[in-house]
J.: 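Before we start, here is the structure in question, set down as structure tokens.
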Number of protein chains: 2
Amino acid sequence: MNDALTILRRCGIKPTPQRIAVVNYVLKSTTHPTAEDVLDHSRKKCPTVSRATVYNTLNLLAAKGLLKTQVLKEGTVVFDPNARQHHHFIDDDTGVIYDIPWSSLAVSGKEKLRDYEVREYQVILRGRRTKRK
Amino acid sequence: MNDALTILRRCGIKPTPQRIAVVNYVLKSTTHPTAEDVLDHSRKKCPTVSRATVYNTLNLLAAKGLLKTQVLKEGTVVFDPNARQHHHFIDDDTGVIYDIPWSSLAVSGKEKLRDYEVREYQVILRGRRTKRK
DNA sequence: TTTTGTTCTTGACACCGTCTAAATTTAAAA
DNA sequence: TTTTAAATTTAGACGGTGTCAAGAACAAAA
Ligand SMILES: [Mn+2]
Ligand SMILES: [Mn+2]
Ligand SMILES: [Zn+2]
Ligand SMILES: [Zn+2]
């Protein structure tokens with residue numbers, strides 16, 4: 001795992017304490033945090049960081065392809081540090097969003113869709129995560 | 001097409017002028033209206049109807065299975081008068097949501113997903129609708 | 001009719017994300 | 001160094017979305 005400073009420099013984004021705090025949380029996250037989640041956690045390292053800066057930084061990272069915004073929750077977008085193609089499973093009870101590897105599922109029939117030029121797609125599944133022992 | 005009064009009675013929902021206005025618009029819609037869309041159109045027939053009543057009615061219809069809420073747009077849910085299983089294609093340029101028939105696509109590999117009990121799923125595709133002559 | 005209880009509707013409120021203008025920090029020029 | 005310019009951050013305001021407590025309307029009971 002590269003550190004935040006290296007990542008920001010490699011993308012041509014000037015590193016600031018605020019941006020470093022945001023990157024350190026969101027790119028290492030294994031969940032799908034909302035902007036509010038990122039704000040809360042970033043303030044532990046950088047207590048004065050503002051909501052606007054968090055949004056600016058997250059949108060900058062998304063524009064650079066380091067993360068992807070996903071429309072999976074009602075009312076708010078979530079930020080996904082896994083920017084590669086994959087599917088999602090959403091737990092009915094908890095709302096937790098799980099990544100499903102791209103290779104786990106196959107979708108057939110896309111090529112037959114006339115009138116639609118598909119740029120990207122994903123399967124969204126909902127249900128319950130079974131108890132693990 | 002049954003009229004709103006009949007539909008409401010058959011579902012055991014007491015018909016009121018507000019609910020009739022909502023049902024008349026949303027169940028006949030061929031698009032995927034937001035609550036705001038439904039509010040605007042309902043007020044043409046029932047000018048005093050409030051936002052809260054529109055939400056109450058839409059959620060009631062969803063609970064009865066007459067429509068389905070879908071998380072497809074940023075910032076707002078949309079209400080789908082097509083409550084049967086189907087997929088969605090979202091136009092990058094316009095944001096318009098198109099229904100893709102269930103039979104058009106097939107998803108394989110779900111049965112191999114251990115730890116996940118799938119209740120429902122759909123494919124969400126994004127891209128451009130090609131020009132139609 | 002009056003009282004009581006239930007259902008329905010609504011205005012007010014909280015949350016999310018964007019925008020602006022001012023303040024701060026950093027960098028470049030003189 | 002001092003001055004100027006550019007980039008970044010911040011607080012607060014704003015518009016849009018969805019929820020809630022309280023009042024209005026309605027129905028049942030007395
Ligand atoms: Mn969260
Ligand atoms: Mn709309
Ligand atoms: Zn993901
Ligand atoms: Zn649909």
Side-chain angles (χ1 to χ4, degrees), chain A residues 4-5 7-9 11-26 32-64 67-80 95 97, chain B residues 4-5 7-9 11-26 32-64 67-80 95 97:
Chain A
L5 205 87
I7 292 170
L8 284 169
R9 283 196 179 126
C11 288
I13 301 174
K14 182 185 294 186
T16 65
Q18 293 87 344
R19 287 169 173 171
I20 289 169
V22 168
V23 168
N24 262 325
Y25 177 70
V26 74
H32 296 79
T34 65
E36 203 67 20
D37 292 331
V38 178
L39 178 61
D40 291 344
H41 285 267
S42 298
R43 280 190 168 156
K44 290 180 180 172
K45 293 292 178 63
C46 185
T48 67
V49 68
S50 70
R51 177 188 316 279
T53 294
V54 168
Y55 275 97
N56 287 342
T57 304
L58 290 172
N59 291 331
L60 210 48
L61 295 174
K64 295 289 184 180
L67 54 78
K68 191 159 179 359
T69 64
Q70 296 277 2
V71 180
L72 296 171
K73 273 182 129 96
E74 295 188 13
T76 180
V77 304
V78 299
F79 295 88
D80 196 334
I97 301 165
Chain B
L5 204 87
I7 292 171
L8 285 170
R9 284 196 180 127
C11 288
I13 301 173
K14 181 186 291 186
T16 65
Q18 292 86 345
R19 286 169 173 172
I20 289 169
V22 169
V23 168
N24 261 325
Y25 178 69
V26 74
H32 296 80
T34 66
E36 203 67 20
D37 292 332
V38 178
L39 177 62
D40 291 344
H41 285 268
S42 298
R43 279 190 167 156
K44 290 179 181 172
K45 293 292 178 61
C46 184
T48 68
V49 67
S50 71
R51 178 188 317 282
T53 292
V54 168
Y55 275 97
N56 287 342
T57 304
L58 290 172
N59 290 331
L60 211 47
L61 295 174
K64 296 289 184 181
L67 54 78
K68 192 159 181 356
T69 65
Q70 296 277 1
V71 180
L72 297 171
K73 274 180 128 96
E74 292 190 14
T76 181
V77 304
V78 299
F79 294 87
D80 196 335
I97 301 165

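Chain identifiers are assigned alphabetically (A, B, ...) following the order of the sequence lines, protein sequences preceding nucleic acid strands; residue numbering begins at 1 within each chain. As a basis for the values below, the full set of heavy atoms in this structure was taken, side chains included, without hydrogen atoms, waters or symmetry mates.
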J.: In chain order, what residues pass the ring pair (Phe, Tyr, Trp, His ring centres under 6.0 Å) check against Y25(B), with sequence neighbours excluded?
T.: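 Only H41(B) meet the ring pair (Phe, Tyr, Trp, His ring centres under 6.0 Å) criterion with Y25(B).
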
J.: Going by atom types alone, do D37(A) and T34(A) pair a side-chain donor with an acceptor below 3.5 Å?
T.: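 Indeed, the side chains of D37(A) and T34(A) share at least one donor-acceptor pair under 3.5 Å.
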
J.: Is the closest side-chain heavy-atom distance between L39(B) and E36(B) below 4.5 Å?
T.: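 Yes - at least one pair of side-chain heavy atoms lies under 4.5 Å apart.
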
J.: Closest approach of I13(B) and R19(B), non-hydrogen atoms and distance?
T.: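 Residues I13(B) and R19(B), closest heavy atoms: CG2-NH1, 3.6 Å.
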
J.: Base contacts versus sugar-phosphate-only contacts with protein, heavy atoms under 4.0 Å: please encode nucleotides 6-18 of chain C as B, S and - from 5' to 3'.
T.: --SBBB----SSB

J.: Report the distance from atom CG of L39(B) to atom P of dG18(D), rounded to the nearest whole Å.
T.: 12 Å

J.: Can you name the closest pair of heavy atoms from P15(B) and R9(B) and give their distance?
T.: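 In terms of heavy atoms, the two residues are closest at CG-CG, 4.0 Å.
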
